[in-house]
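The structure under discussion appears below in the form of structure tokens.
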Amino acid sequence: MANSILPLIDIYPVSESGFEGTGYLHSIIESADDYADFIAYRRSHGGIQEAVADELSLAKSYKQCKRQMLYLKDVPSINKYRNDPENCCLDAVEKELRNNGQQLSQGQKLFHGGIFPLTDINGEPILDTEFVLSKPLSTSFCSMIAASNADTHHSRHLWIITISESCKLPAYVFSNASNQALGYELEVLLGTGAKVKCLNVRENIYFDVLEVIVT
């Protein structure tokens, strides 16, 4: 079980110099949902990705979350999952998460890119139906990273995740330190057994934004 509840990380609003003229109506990213819509419309934007990363680095709540995590050398299976998820022992990952992970706060917003596990014959997400994941769920504070993962999996599904009050899953918040090869991914790993439910789909140009709740 997770040992404690991590502080809520909310870095919004986020602004970025040179935002004007992007073709998007907002001059400021007001929320995580706004960020998902922005990337769904634009596909990518290095400037806002950098601004989000900078705001996250400055957030006291994010710094506290990182302080509560063990060093990667002390959770080798979690580290293996981060770098080579196809060739790691999921049981070992789950054991490390249960023993060392922490619970995320209610209302925490995260992003994930990839095909939603419940779809109809047209490939559209089935709404208001819960599905239990049988593997850890890799998420990010960066919508653009999630969108890139969606591209990798040949999917238009960009998830905007909200952690519910009843979610007791252990989580590991990876560091964004510059000496970590994948620090730019701003990753948060959730334990096996996440119950996901898609509440709504917002269609856009490059991606469809899925409003997903995790319990």
Side-chain angles (χ1 to χ4, degrees), residues 1-7 9 53 56 62-105 108-119 125 129-155 157-164 166-198 210 212-215:
M1 293 294 292
N3 298 317
S4 63
I5 299 177
L6 296 169
I9 300 172
L56 194 61
Y62 182 58
K63 293 177 181 178
Q64 182 178 337
C65 287
K66 293 193 295 181
R67 285 195 298 268
Q68 290 181 230
M69 300 296 111
L70 292 181
Y71 291 114
L72 285 175
K73 66 179 180 62
D74 298 318
V75 283
S77 296
I78 289 175
N79 190 30
K80 175 73 171 177
Y81 187 87
R82 183 192 203 186
N83 292 281
D84 189 13
E86 301 302 323
N87 295 295
C88 68
C89 176
L90 293 181
D91 288 341
V93 173
E94 187 61 23
K95 182 178 180 180
E96 288 183 353
L97 283 168
R98 286 198 309 267
N99 291 339
N100 306 293
Q102 312 291 326
Q103 291 179 26
L104 297 172
S105 284
Q108 183 63 63
K109 299 283 189 176
L110 296 163
F111 304 100
H112 175 80
I115 300 170
F116 193 72
L118 283 178
T119 57
T129 303
E130 194 171 80
F131 184 88
V132 181
L133 300 181
S134 59
K135 297 193 300 184
L137 177 61
S138 178
T139 67
S140 176
F141 288 108
C142 179
S143 178
M144 191 167 145
I145 291 294
S148 176
N149 289 334
D151 274 338
T152 298
H153 293 93
H154 308 289
S155 171
H157 294 172
L158 175 58
W159 307 17
I160 170 68
I161 293 171
T162 303
I163 300 298
S164 75
S166 59
C167 181
K168 308 300 181 185
L169 292 171
Y172 186 91
V173 179
F174 289 94
S175 174
N176 63 339
S178 58
N179 64 346
Q180 293 198 17
L182 298 176
Y184 66 91
E185 291 191 342
L186 310 179
E187 184 179 2
V188 178
L189 184 64
L190 295 176
T192 299
K195 299 174 183 177
V196 298
K197 182 190 296 185
C198 184
L210 279 56
V212 175
I213 188 165
V214 172
T215 59

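Only a predicted model underlies this, so the values are computations on that prediction, with no experimental measurement involved.
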- [ ] Verify, without hydrogens or angle tests, whether R82 (side chain) and L182 (backbone) share a donor-acceptor contact under 3.5 angstrom.
- [x] yes
Task: Atom pair CD1 (I115) and NE2 (H153), whose distance is rounded to the nearest 0.5 Å - done: 8.0 Å
TODO: Provide the closest heavy-atom pair for P7 versus Q108 in the form atom of the first, atom of the second, distance.
DONE: O-OE1, 4.1 Å
Task: Sub-4.5 Å side-chain heavy-atom contact between K135 and L90 - done: yes
Open item on the list: Within the structure provided, determine whether Y184 and I145 are in side-chain contact (heavy-atom separation under 4.5 Å).
Closed with: yes
Task: Reported OG-to-CG distance for the pair S143 and L186, which is rounded to 0.5 angstrom - done: 11.5 Å
Task: Value rounded to 0.5 Å, distance of CD1 in I9 from CG in L110 - done: 8.0 Å
Open item on the list: Any heavy-atom pair between the side chains of E94 and Y81 that's under 4.5 Å?
Closed with: no
Open item on the list: Would you compute the distance between atom CD1 of I160 and atom NE2 of H112 and round it to the nearest 0.5 angstrom?
Closed with: 12.5 Å
Open item on the list: Which residue in the set L137, V196, L104 passes side chain to side chain contact (heavy atoms under 4.5 Å, CB included) when paired with I161?
Closed with: L137
Task: Shortest non-hydrogen contact from S105 toward I5 - done: OG-CG2, 3.7 Å
Open item on the list: Using a 6.0 Å cut-off, check whether atom NZ of K95 has over 12 heavy atoms from anything other than its own residue.
Closed with: no
Open item on the list: Does any part of the side chain of C167, heavy atoms only, come nearer than 4.5 Å to the side chain of K195, both counted from C-beta?
Closed with: no
Task: Within residues 177-186 or reaching into it, pairs that qualify as salt bridge (charged side-chain N to carboxylate O under 4.0 Å, His left out) - sequence neighbours excluded - done: none
TODO: List the atom of G114, the atom of W159, and the distance in Å for their closest heavy-atom pair.
DONE: O-NE1, 2.9 Å
Task: Distance (rounded to the nearest 0.5 Å) between Y172 OH and Q68 CD - done: 12.0 Å
- [ ] List the atom of N176, the atom of A53, and the distance in Å for their closest heavy-atom pair.
- [x] ND2-O, 4.5 Å
Open item on the list: In the structure I gave you, are the side-chain heavy atoms of V173 and L6 within less than 4.5 Å of one another anywhere?
Closed with: yes
Open item on the list: Any non-hydrogen side-chain atom of T119 less than 4.5 Å from a side-chain atom of H157?
Closed with: yes
TODO: Report yes if the side chains of Q180 and L72 come closer than 4.5 Å at any heavy-atom pair, otherwise no.
DONE: yes
Task: From CE (M69) to CG (D74), nearest 0.5 Å - done: 13.0 Å
Open item on the list: Looking at every heavy atom in both L97 and P170, which two are closest together, and how far apart are they?
Closed with: O-CB, 3.2 Å
TODO: Taking all heavy atoms of K66 and all of S175, pick out the closest pair and write down the distance.
DONE: CD-CA, 3.8 Å
Open item on the list: Pairing donors with acceptors under 3.5 angstrom, does anything connect the side chains of T162 and K109?
Closed with: yes
Open item on the list: Can you list everything that forms a salt bridge (Lys or Arg N to Asp or Glu O under 4.0 Å) with D84? Sequence neighbours excluded, please.
Closed with: K80
Open item on the list: I'd like to know if the side chain of S164 reaches the main chain of V214, judged simply by a donor and an acceptor atom lying under 3.5 Å from each other, with no hydrogens or angles considered.
Closed with: yes
